[in-house]
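Working notes, beginning with the structure itself.
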Amino acid sequence: MSLIRLDKFVSVALNISRADTKKILRDGKIMVDGVSTKKGDFKVDTETMVVKQGTEKLEYKEFIYILMNKPSGILSASNDKRAKTVVDIIPESLKRDGLFPVGRLDKDTTGLLIITNDGDFAHKVISPKSNIEKVYLAELDGDITNEMIETFKVGVVLADGTRCMPAKLERAGECSALITIREGKYHQVKRMFGTVGLGVNKLHRKSIGSLSLPEDLKMGCCVELSQQDLQKI
Ligand code: URA
């Protein structure tokens with residue numbers, strides 16, 4: 001049994017404010033198991049009860065998972081006094097309370113970012129114990145060498161002595177490379193290339209696990225992920 005207040009159910013299902021929820025309830029438009037119910041504190045069992053607005057069945061989803069193609073210049077945070085954040089640019093139709101990015105991409109990094117209100121999920125994805133591969137495309141100020149590929153394979157030691165887990169480095173073109181890592185240390189990719197004397201001009205995350213950024217998702221745009229998509233992580 002999973003009990004939640006009717007007003008919360010309606011406001012989440014319709015993605016509307018508390019004030020609008022109150023009004024809809026007051027107007028007697030919400031039916032629970034066929035009975036018009038006006039009380040916001042009425043407890044709904046989300047597993048067995050059917051809530052409708054008129055003839056439309058309302059679905060209560062506690063958590064939302066959003067995939068964004070993060071643009072450069074936007075901060076990976078929920079809110080910030082000065083800078084625009086990834087949560088600020090989510091379209092209203094997907095906005096919820098408590099959204100935050102799952103891990104961080106640097107302000108100038110672009111590409112796949114998941115934003116959710118599900119803390120347990122975020123924890124699982126971020127934890128190095130989960131061993132989830134993240135693939136980045138890096139534009140560099142020089143070419144990679146076979147020696148660098150071997151060094152990354154063994155595990156780079158960062159300037160401060162931190163040892164990274166083995167990473168896969170592949171040539172993607174002149175002065176560009178694909179790098180696959182399984183952890184998410186602060187500025188990790190830039191610092192890893194720094195140890196072999198290469199600067200990163202541009203960084204773009206292409207995938208997490210087998211969830212890839214859709215080719216047609218424009219920079220700054222978002223889509224809601226399905227349970228099927230989440231299985232890919
Ligand atoms: N590594 C970095 O250096 N920056 C990012 O944004 C992500 C990984």
Side-chain angles (χ1 to χ4, degrees), residues 65-80 82-90 99-116 121-144 148-149 151-173 175-214 217-222 232-233:
Y65 308 89
I66 298 163
L67 182 151
M68 174 182 285
N69 186 357
K70 179 193 170 297
S72 179
I74 305 287
L75 211 60
S76 290
S78 299
N79 49 61
D80 190 85
R82 272 155 282 163
K84 211 172 228 188
T85 72
V86 289
V87 169
D88 291 335
I89 63 168
I90 292 173
L99 288 176
F100 61 90
V102 177
R104 279 166 187 263
L105 291 178
D106 296 338
K107 197 171 176 185
D108 58 354
T109 299
T110 57
L112 193 161
L113 183 69
I114 299 171
I115 298 160
T116 186
F121 167 82
H123 181 72
K124 275 186 212 139
V125 174
I126 295 167
S127 167
K129 283 190 203 133
S130 308
N131 231 3
I132 299 172
E133 289 189 342
K134 293 146 201 141
V135 180
Y136 294 85
L137 177 64
E139 284 184 24
L140 305 161
D141 61 4
D143 255 327
I144 63 164
M148 291 175 193
I149 294 175
T151 308
F152 278 42
K153 201 193 270 180
V154 176
V156 166
V157 179
L158 301 176
D160 65 358
T162 309
R163 178 171 280 282
C164 297
M165 287 162 72
K168 188 168 153 196
L169 185 59
E170 297 161 89
R171 195 170 191 275
C175 297
S176 76
L178 284 172
I179 174 169
T180 306
I181 59 174
R182 292 170 179 273
E183 45 193 345
K185 300 185 197 306
Y186 182 63
H187 294 327
Q188 180 163 347
V189 171
K190 292 173 185 165
R191 289 160 75 205
M192 286 172 81
F193 280 112
T195 65
V196 293
L198 288 177
V200 176
N201 293 334
K202 274 189 187 171
L203 192 60
H204 178 81
R205 183 154 67 190
K206 291 173 69 72
S207 61
I208 298 182
S210 46
L211 179 72
S212 299
L213 192 66
L217 187 65
K218 295 204 176 80
M219 213 51 101
C221 291
C222 296
K232 295 181 185 165
I233 296 175

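Whatever order the structure lists them in is the order used to number ligands and atoms, beginning at 1. Just so you know, these numbers use all the heavy atoms, side chains as well, and skip hydrogens, waters and symmetry mates.
Below 4.0 Å from some heavy atom of Tyr136 lie the following atoms of ligand 1, by number and element: 7 (C), 8 (C). Every atom of ligand 1 with a heavy atom of Val189 under 4.0 Å away is listed here by number and element: 1 (N), 2 (C), 3 (O), 8 (C).
Residue contacts with ligand 1 for Val200 are absent, since no atom lies close enough (heavy atoms, distance under 4.0 Å). Of the heavy atoms in Thr109, only side-chain atoms (C-beta onward) come closer than 4.0 Å to ligand 1.
No side-chain heavy atom of Asn201 sits under 4.5 Å from any side-chain heavy atom of Leu140.
The N/O atoms of Leu105, backbone and side chain alike, include none that comes under 3.5 Å of an N/O atom in ligand 1. Annotation: Asp106 places an N or O atom under 3.5 Å from an N or O atom of ligand 1; distance criterion only. Polar contact with ligand 1: present for Lys190 (N/O pair, distance under 3.5 Å).
Taking the six-membered ring wherever Trp is involved, the centroid distance between the rings of Phe152 and Phe193 falls below 6.0 Å.
Applying the side chain to side chain donor-acceptor pair (under 3.5 Å) rule to Arg171 yields the partners Asp143; only residues at least two apart in sequence or on another chain are considered. Residues that satisfy the ring-ring contact (aromatic ring centres under 6.0 Å, His included) test with Tyr65, not counting sequence neighbours, are Phe121.
Annotation for Leu211 and Leu67: closest pair CD2-CD1, 3.9 Å, computed over non-hydrogen atoms.
Asp108 and Lys190 are joined by a salt bridge, as a carboxylate oxygen and a charged side-chain nitrogen come within less than 4.0 angstrom of each other.
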